[in-house]
Amino acid sequence: MDAQEIIARRVAQELKPGNLVNLGIGIPTLVANYVSPDLKVFFQSENGLIGTGPIPEQGLAHPLLTDAGGRPISALPGASTFDSAMSFALIRGGHVDVTVLGGLQVDAGGHLANWMIPGKMVPGMGGAMDLVAGAKRVIVAMQHAAKGKSKIVKQCNLPLTSSRAVSLVVTDLAVIGFPDGKAALIETAPGVSVGEVMAVTEAELVVGDSVPEMKI
Amino acid sequence: MDAQEIIARRVAQELKPGNLVNLGIGIPTLVANYVSPDLKVFFQSENGLIGTGPIPEQGLAHPLLTDAGGRPISALPGASTFDSAMSFALIRGGHVDVTVLGGLQVDAGGHLANWMIPGKMVPGMGGAMDLVAGAKRVIVAMQHAAKGKSKIVKQCNLPLTSSRAVSLVVTDLAVIGFPDGKAALIETAPGVSVGEVMAVTEAELVVGDSVPEMKI
Amino acid sequence: MRAVSVEEAVAMIPTGASLMVGGFMGVGTPERLLDELVRQKKSNLTIISNDAATPGKGVGKLFDATLVSRLTATHIGLNPKAQQQMLTNQVAVDLIPQGTFAERIRAGGSGLGGVLTPTGVGTLVAEGKRQIEVDGKPYLLETALRAQFALVHAFLADYLGNLSYALTSRNFNPVMAMAADTVIVTAEHIVPVGVIAPDHVMTPAPLVDYLITNSNG
Amino acid sequence: MRAVSVEEAVAMIPTGASLMVGGFMGVGTPERLLDELVRQKKSNLTIISNDAATPGKGVGKLFDATLVSRLTATHIGLNPKAQQQMLTNQVAVDLIPQGTFAERIRAGGSGLGGVLTPTGVGTLVAEGKRQIEVDGKPYLLETALRAQFALVHAFLADYLGNLSYALTSRNFNPVMAMAADTVIVTAEHIVPVGVIAPDHVMTPAPLVDYLITNSNG
């Protein structure tokens, strides 16, 4: 199982029946592959759709039915469409149960930075700031480290996406939560020891007596 | 021609082709009777309809198609319906070209009081405050005097509906405008002299060299 | 979304609850829920509704049964019973402009703290409110409004909970369906998934918590 | 509403005008109006649009032709030309959160001075903005946004100007159709009055100033 699959499978377990879920681009998009249709989860595309389905078959793509990247998408039976003011009323208003977003850094207090690297081209935050400010639960799905550097940091030195803390971080090595506002190691990836996680994590992690392995 | 008909006929002349118009209850409602269908004026009912038509024939009333008083109404071809947030976005946002409202008092500065008499039962302002704050033009349609007392006063002693001045007042005796923020006599009703208007008006009126009669 | 009977739904509403009730002069009001509130004698209610309808109709039924202790509305001129209960201080009434009422509820459902409106500036409505200038123009800060429950009436509801409304019965129903902790819906017709086209859904399914399925009325 | 050709419509837009342009990554964008803006070389434009689309598509065409001097958007990551014009200061770009973008335009069209949003509090987005507390919670005051022209693309337009939008091409079109002095519309299909049912009209006719009637494209 590769790193992305570990992350996507583990995040999928966080979704509950009937949840309204918004998936960011990158690893978060893969989460949909591991969610059983029986769960009846609703996926929102912030360009104005609830009920997104798989990529349409050749010849069945409609130019006016796309995802937030402008790519053809399908709509499941029971889908609904709406304008952007409504789409973000749903997001900001707490009607999205779970959003899954990529991250550049998450710090020991659960703060996320995922939209800007100073000195580099800034493409814009799109819907990320509203999602972190408004969704009921914010889950960050990302690699634990990049170029050998921990992405779970003591304090973000990149600009924050929100002053609100995220709910959960799922990486290829661990699941990290923020009970009492402090980063805590909740699970380790299969075959990864607590010591191995600690060794590659810059932030201090609260560790309980026994840390279970992800069941994926 | 009775007082109400004089007022309604004269107000109707203020409506221009394609205008979006909101009529209040009472005398304002009568204005629709004197507007030619050729004008293609759109009438809005603030409970969520553009394109109100006449009272439906017996047996053709639908319980879910009503005016703001809850009475059956009809919808003309090309009508549209919407929720109350949209209805007042249209009103507050300046998309309503003309609103015609009843009045208790209008003062020399054009301020309207029409929602509350202290000491009496206060039913609520409904949509009146938004209409006066937001419509492009606000026309007050009312009797010039009530119980022998001028309703065109020096200064309103009843609570104001808005700090914004109205555009025009049409009464059974006169048309009064507010160029430069001061009440001015623009027209008199047929057979009514300038002197007669002045005699029953508490507010000072600016009067030009010649004041035309309403052409109704 | 869960399908429940009207009796079960109303049993979940405690005495003293705050309820947003859709409808405009009783048009687009979930009458069956109001009848059941009366039958189960849920009293001391805080009601947020455009108006008080008329005796015997819509929200008016709650005043007939003297179940209301607070009311936020825009106009109660056509319900003498509600007026009398206001004058005798049985009901504390907060009357606010209709556009402000709509925006406060929309803000409550959209995660906004409030909006700046020109409506009411320089009037009695401004009393006790913050006035904020933007580009030299004064506005009132009107804050978000929410309730524990929203009682909503749709024309069509599908088996997932997607809703559409007909003609002037839409009014405050869609904004209220976003501004309460729990949303309970009655519908004129409950239809299979797909009958309401995606573009015609006015309240998306995930917003609805309970759909009343008693067949009568 | 007046029916005009695309040439006449664009001739009304002066150089240096501010334009809201509907669409999301080019989906729901009035392409014919953009093509004609390029053909008539309307330069120095202030563009308010969710994104910069991609080169050759939607708003991207205006960057291809270097007609833009200011851009307010939420994301321009998929248009390298727009990015380059930002980096070389040919275009002054204001990037704002997408929900804030939607609300500012909605406020502009609804007569609101602004809204209070939690989005951006404690981030770079808060710089230079008023922070206002409501019930102890901090919000940013985000002010209304308007333009001289809104360029809107509908799926259906009827002969009066009523509009409906299809699927994800709705996006910012309805809010922009309320937030500009002059609203110009292209539609996939122009249909007789009555084809769009009253409940399915998303932009009521009185909001539309000009409907493009050239038969091609």
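Reminder, nothing fancy here: chain letters follow the sequence lines and each chain counts from 1. No experiment lies behind these values; they were computed from the predicted model shown.
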Exercise. Can you name the closest pair of heavy atoms from D:Gly99 and A:Asp130 and give their distance?
Worked result: N-OD2, 2.7 Å

Seminar exercise, completed: d(D:Leu167 CG, A:Leu49 CG) to nearest 0.5 Å is 8.0 Å

For this session: Tell me, yes or no, whether the heavy-atom count around A:Glu204 atom CD, taken from other residues, nucleotides or ligands under 6.0 Å, exceeds 12.
Result: no

Problem set entry | Distance (rounded to the nearest 0.5 Å) between A:Lys120 NZ and D:Leu87 CG | 13.0 Å

Exercise. Roughly how far, to the nearest 0.5 Å, is the CE atom of A:Met125 from the OG1 atom of D:Thr123?
Worked result: 7.0 Å

Problem set entry | Within 6.0 Å of NZ in A:Lys40, more than 12 heavy atoms from elsewhere | no

Exercise. Relative to chain A, which segment of D:Val27 carries a heavy atom at a distance below 4.5 Å: side chain, backbone, both, or neither?
Worked result: side chain

For this session: Report the option among A:Gly69, A:Ala113, A:Ser45 that has the most heavy-atom pairs separated by less than 4.5 Å from atoms of chain D.
Result: A:Gly69

Problem set entry | Region of A:Thr66 in contact with chain D, defined by heavy-atom distances below 4.5 Å | both

For this session: Decide if atom CD of A:Glu57 counts as having more than 12 heavy atoms of other residues, nucleotides or ligands within a radius under 6.0 Å.
Result: no

For this session: Report yes or no: do A:Ser84 and D:Asn171 form a side-chain donor-acceptor pair below 3.5 Å?
Result: no

For this session: Check whether A:Ile91 gets within reach of chain D through its side chain, its backbone, both or neither, counting any heavy atom under 4.5 Å.
Result: neither

Exercise. Using non-hydrogen atoms only, which part of D:Phe101 is less than 4.5 Å away from chain A: side chain, backbone, both, or neither?
Worked result: neither

Exercise. What do the steps show when you test D:Glu103 against A:Arg92 for side-chain contact (heavy atoms from CB on, under 4.5 Å), and what is the final call?
Worked result: CA-CA 11 Å; D:Glu103 285 299 322; A:Arg92 207 190 310 96; 3.1 Å; yes

For this session: Could you check which of A:Pro63, A:Ala79, A:Ser80, A:Gly126 has the highest count of heavy-atom pairs closer than 4.5 Å to chain D?
Result: A:Gly126

Exercise. How about D:Arg170 and A:Thr81: do any of their side-chain heavy atoms sit closer than 4.5 Å?
Worked result: yes

Seminar exercise, completed: Assert top hit (heavy-atom pairs under 4.5 Å, partner chain D, pool A:Gly134, A:Ala75, A:Ala68) equals A:Ala68

Exercise. Considering only heavy atoms, which portion of A:Met116 lies under 4.5 Å from any heavy atom of chain D: side chain, backbone, both, or neither?
Worked result: side chain

For this session: Check the pair D:Val125, A:Met129 against side-chain contact (heavy atoms from CB on, under 4.5 Å), reporting the backbone distance first and the verdict last.
Result: CA-CA 10 Å; D:Val125 166; A:Met129 286 192 173; 3.5 Å; yes

For this session: Answer yes or no: are there more than 12 heavy-atom neighbours, outside A:Ile25 itself, under 6.0 Å from its atom CD1?
Result: no

Exercise. More than 12 foreign heavy atoms under 6.0 Å from CD of D:Gln84: is that the case here?
Worked result: no

Exercise. Hey, are the side chains of A:Leu64 and D:Phe155 touching, using non-hydrogen atoms and a 4.5 Å cut-off?
Worked result: yes

Exercise. Heavy-atom count around A:Arg137 CZ within 6.0 Å, excluding the residue itself: above 12?
Worked result: yes

Exercise. Under a 4.5 Å cut-off applied to non-hydrogen side-chain atoms, are D:Ile76 and A:Met121 in contact?
Worked result: yes

Exercise. What part of D:Thr100 lies closer than 4.5 angstrom to a heavy atom of chain A: side chain, backbone, both or neither?
Worked result: both

Problem set entry | Part of D:Phe24 lying under 4.5 Å from any heavy atom of chain A | side chain

Exercise. Using a cut-off of under 4.5 Å for heavy-atom pairs, which of A:Leu160, A:Leu65, A:Asn47, A:Leu131 has the most such pairs with chain D?
Worked result: A:Asn47

Exercise. Taking C-beta and beyond as the side chain, do D:Gln98 and A:Phe88 meet within less than 4.5 Å on heavy atoms?
Worked result: yes

For this session: Please say whether more than 12 non-hydrogen atoms of neighbouring residues, nucleotides or ligands are located less than 6.0 Å from CG in A:Asp2.
Result: yes

Problem set entry | Which atoms of A:Thr161 approach chain D - backbone, side chain, both or neither, heavy atom under 4.5 Å | backbone

Problem set entry | Atom group of D:Pro97 that falls short of 4.5 Å from chain A, counting heavy atoms | both

Problem set entry | D:Met202, part contacting chain A, at a heavy-atom distance under 4.5 Å | neither

Seminar exercise, completed: Separation between OG1 (D:Thr168) and NE2 (A:His62), nearest 0.5 Å, reads 9.5 Å

For this session: Assess whether atom CD of D:Gln90 is packed by more than 12 heavy atoms of other residues, nucleotides or ligands within 6.0 Å.
Result: yes

Seminar exercise, completed: Ranked by heavy-atom pairs below 4.5 Å to chain D, first place among A:Ala85, A:Ala89, A:Ser87 goes to A:Ala85

For this session: Please examine the side chains of A:Trp115 and D:Leu124, heavy atoms only from C-beta on, and report whether any two atoms are closer than 4.5 Å.
Result: yes

Exercise. Do you know which of D:Gly120, D:Ser169, D:Gly122 has the most heavy-atom pairs with chain A at a distance under 4.5 angstrom?
Worked result: D:Ser169

Problem set entry | Toward chain A, the part of D:Ile105 with a non-hydrogen atom under 4.5 Å | neither

Exercise. What closest approach, in Å, do A:Pro123 and D:Gly77 show between heavy atoms, and which atom pair accounts for it?
Worked result: CB-CA, 3.6 Å

